[in-house]
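Accompanying notes for the structure given below.
Chain letters run A, B, ... following the sequence lines, proteins first, then strands; residues in each count from 1.
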Amino acid sequence: MLPYTPRRGTKKIGPNMAALFKARKVCSALGIAVGCATRSLTQLAALPELHQMLRQTCRDYADKELAPIAGQLDKTHTFPAKQIRELGAMGVMAVEVPESLGGAGMDYLAYSLAVEELSRGCASTGVIVSVNNSLYLGPVLKFGTDEQKKQWITPFTTGERVGCFALSEPGNGSDAGAASTMARQEGDCWVLNGTKAWITNSYDASAAVVLATTDKTLKHKGISAFLLPMPHPGLSLGKREDKLGIRASSTANLILDDCRIPHGNLLGQCGMGFKIAMQTLDSGRIGIASQALGIAQASLDCAADYAHKRSAFGAPIAKMQAIQEAAMAKLSASEAATFVSHQAIQVLGGMGYVTDMPAERHYRDARITEIYEGTSEIQRLVIANQVLKEYQ
Amino acid sequence: MTARVLVGVKRVIDYAVKIRVKPDNTGVVTDGVKHSMNPFCEIAVEEAVRLKEKKLVQEVVAVSCGPQQVQETIRTALAMGADRGIHVEVSGKDYDSLGPLQVSKILAALAKKEEASLIILGKQAIDDDCNQTGQMTAALLDWPQGTFASELVIEGDKVKVVREIDGGLETIKLNMPVVVTADLRLNTPRYATLPNIMKAKKKKIANMKPGDLGVDMTSRVEVLRVDEPPQRQAGVKVESVEDLVSKLKEAGRI
């Protein structure tokens with residue numbers, strides 16, 4: 001069940017604890033040795049000065065430039081073009097790209113910190129930054145030729161242009177080894193056919209890394225990666241998905257209909273596509289973990305701030321005993337609703353996140369049941385009183 | 001081209017922090033509290049860096065006085081584009097009693113040592129709100145001063161400064177070398193870029209003590225007590241204009 005833990009006498013997490021918490025999360029999100037993995041967490045909590053300055057800069061930017069507009073961006077589903085250009089100028093759109101190609105030339109810890117701090121201000125901006133860095137620039141940097149890097153990386157470091165990553169399809173998401181999008185050779189071109197789904201940045205991107213099957217008989221070893229300029233003849237975009245969250249980033253299908261690209265647009269070798277995709281996602285994970293951390297931190301900040309200000313029964317709610325057992329029926333039913341609708345979205349995957357299916361509405365609707373007609377905390381209070389009465 | 005600009009940067013409690021007075025009323029709580037560069041000093045650094053980008057000055061030197069932690073503030077200035085830093089070590093009791101008089105003596109000595117022809121400072125610090133350091137520095141050096149600058153233009157060996165004054169805007173022309181203090185509308189400071197943050201790491205920060213510059217750190221000011229401002233009293237609602245007038249008369253306001 002939902003792990004509701006009461007906050008007795010809520011204490012604001014001190015700076016050292018917060019740093020340790022974050023360090024631990026980053027560590028487990030990386031899942032691999034962080035160069036200094038043998039050191040203790042306390043040492044990791046003290047970031048190198050360079051990274052501290054970077055974090056502070058990104059935090060200042062998020063506080064001053066992102067947080068104030070995040071609500072509006074969400075409401076209007078607006079791509080934050082100005083902010084992305086500013087972040088590009090700061091080097092944040094290409095953190096791990098070498099300076100020679102126009103990037104900031106920093107490491108994955110710097111990238112993780114940047115995404116975390118920016119996501120705290122605006123989660124949509126965080127995902128736009130993350131996708132450009134990890135999912136688009138990442139594979140080109142790792143697998144591109146020098147010529148490809150110049151053409152497909154440098155213009156995408158400034159924030160003027162962003163890229164996207166096209167792996168998922170309507171028929172396969174987690175099962176990435178079954179790409180039904182096909183690529184065949186015709187003269188000096190590759191011809192792409194198929195549909196890609198759930199592509200973040202689709203409506204705002206100027207290029208995509210597209211995974212397509214070049215040899216069906218080889219199964220996942222027959223998938224290859226391609227560089228696709230956007231817009232391009234033979235490429236059209238599906239409708240913009242109306243999402244529950246991260247609404248300032250665009251998500252849509254990429255529809256490829258005899259889409260012709262030059263032979264030199266193959267990324268890496270033929271058949272390397274699956275490996276490229278997996279490696280890309282492995283490092284992209286850090287970006288999303290950092291984004292999640294940033295969102296969590298923002299929620300925590302919001303709740304803590306609110307708890308201190310909101311008075312109920314003459315005292316800030318932060319000071320109250322939160323758990324006393326209360327109306328069990330309402331309590332367990334409302335929590336069940338949230339839990340089940342939460343799981344329902346998980347079951348539907350991407351479809352659970354868009355307004356075409358009612359799952360996202362159930363999730364949003366369920367949430368209020370824990371709040372109105374007596375908050376869950378009040379229910380617990382009532383239950384506790386009942387229990388105590390029975391013992392008198 | 002002007003050779004060198006000296007920019008003073010002060011490490012202060014961050015503007016967003018809720019200030020708390022120490023229980024013994026000797027000062028405010030600074031332990032564990034977020035500090036950052038004084039916002040007007042940021043504007044000063046930004047102006048100096050812009051002058052360098054326009055190739056009107058050759059070198060921007062960022063200076064700060066205080067304990068070890070002020071090095072972070074100097075690094076921020078370097079990340080914004082200053083070329084090198086000078087950390088004048090002041091700690092303990094000297095730091096507690098550090099004020100505009102000592103700082104301006106230090107800046108004057110450094111200006112002579114570094115052969116600077118332009119000093120840009122923030123108009124005031126947001127912790128003590130003194131608004132004295134720029135003026136004192138100019139007086140000690142016998143240099144002209146352009147304070148509360150909302151515009152700064154170098155014209156040959158002269159500096160045109162537009163000053164924000166009570167009556168509006170005043171434009172003056174000063175012969176270099178000059179001291180200028182930055183006001184809010186002078187510019188909007190940049191965010192440090194990641195490459196510049198990296199480069200800042202390699203830039204040099206020189207260390208020295210006030211004694212090296214022959215500066216006496218004795219303060220002429222003694223802080224007797226620090227108190228919180230009085231709590232804001234609840235207002236009083238009145239029913240009519242007559243009520244309002246009589247209440248104001250009662251309070252001796254009219």
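Taking the charged nitrogens against the carboxylate oxygens, B:D227 and B:R225 do have a contact shorter than 4.0 Å, which makes a salt bridge.
A search for side-chain contact (heavy atoms from CB on, under 4.5 Å) contacts involving B:I126 returns B:V12, B:Y15, B:N38, B:P39, B:F40, not counting sequence neighbours.
Within residues 82-96 of chain A, the residues having any heavy atom under 4.5 Å from a heavy atom of chain B are, by residue number, A:A89, A:M90, A:G91, A:V92, A:V95. Contacts of residues 68-79 of chain B with chain A at a heavy-atom distance below 4.5 Å involve B:R75, B:T76, B:A79, listed in sequence order. Contacts with chain B (heavy atom to heavy atom, under 4.5 Å) involve these residues of residues 62-71 of chain A, listed by number: A:K64, A:E65.
Side-chain atoms of A:Q291 and A:V127, non-hydrogen and from C-beta on, do get closer than 4.5 Å to each other. Taking 4.5 Å as the limit, some side-chain heavy atom of B:V45 sits within range of a side-chain heavy atom of B:M37. Two residues are said to be in side-chain contact when any heavy atoms from C-beta on lie closer than 4.5 Å; A:C164 and A:T200 fail this criterion.
For chain B, no part of A:Q52 is nearby; none of its heavy atoms comes within less than 4.5 Å.
Under the 30°/60° scheme for interplanar angles, the aromatic rings of A:Y61 and B:Y191 are found to stand perpendicular.
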Item to complete: Before giving the answer on side chain to side chain contact (heavy atoms under 4.5 Å, CB included), spell out for A:I128 and A:F79 the whole-Å C-alpha distance, their side-chain angles and the decisive distance to 0.1 Å.
Response: CA-CA 9 Å; A:I128 294 167; A:F79 180 80; 3.6 Å; yes
Discussion item. Using the rule given for side chain to side chain contact (heavy atoms under 4.5 Å, CB included), can you reason through B:E59 versus B:V5, listing the C-alpha separation, both sets of side-chain angles and the distance that settles it, and then say yes or no?
Written reply: CA-CA 6 Å; B:E59 199 187 23; B:V5 178; over 6 Å; no
Worksheet entry | Residues A:S134, A:Y111; criterion side chain to side chain donor-acceptor pair (under 3.5 Å); working and verdict | CA-CA 9 Å; A:S134 292; A:Y111 163 62; 2.6 Å; yes
Item to complete: Apply side chain to side chain contact (heavy atoms under 4.5 Å, CB included) to the pair B:E151 and B:L169, showing each step before the final yes or no.
Response: CA-CA 10 Å; B:E151 205 185 310; B:L169 297 175; over 6 Å; no
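Side chains of B:S36 and B:D14: a donor-acceptor N/O pair is present below 3.5 angstrom, by distance only. Remark: the B:S104 side chain and the B:T137 side chain contain no N/O donor-acceptor pair separated by less than 3.5 Å. Residues B:E46 and B:N187 bring no donor and acceptor atom of their side chains to less than 3.5 Å of each other.
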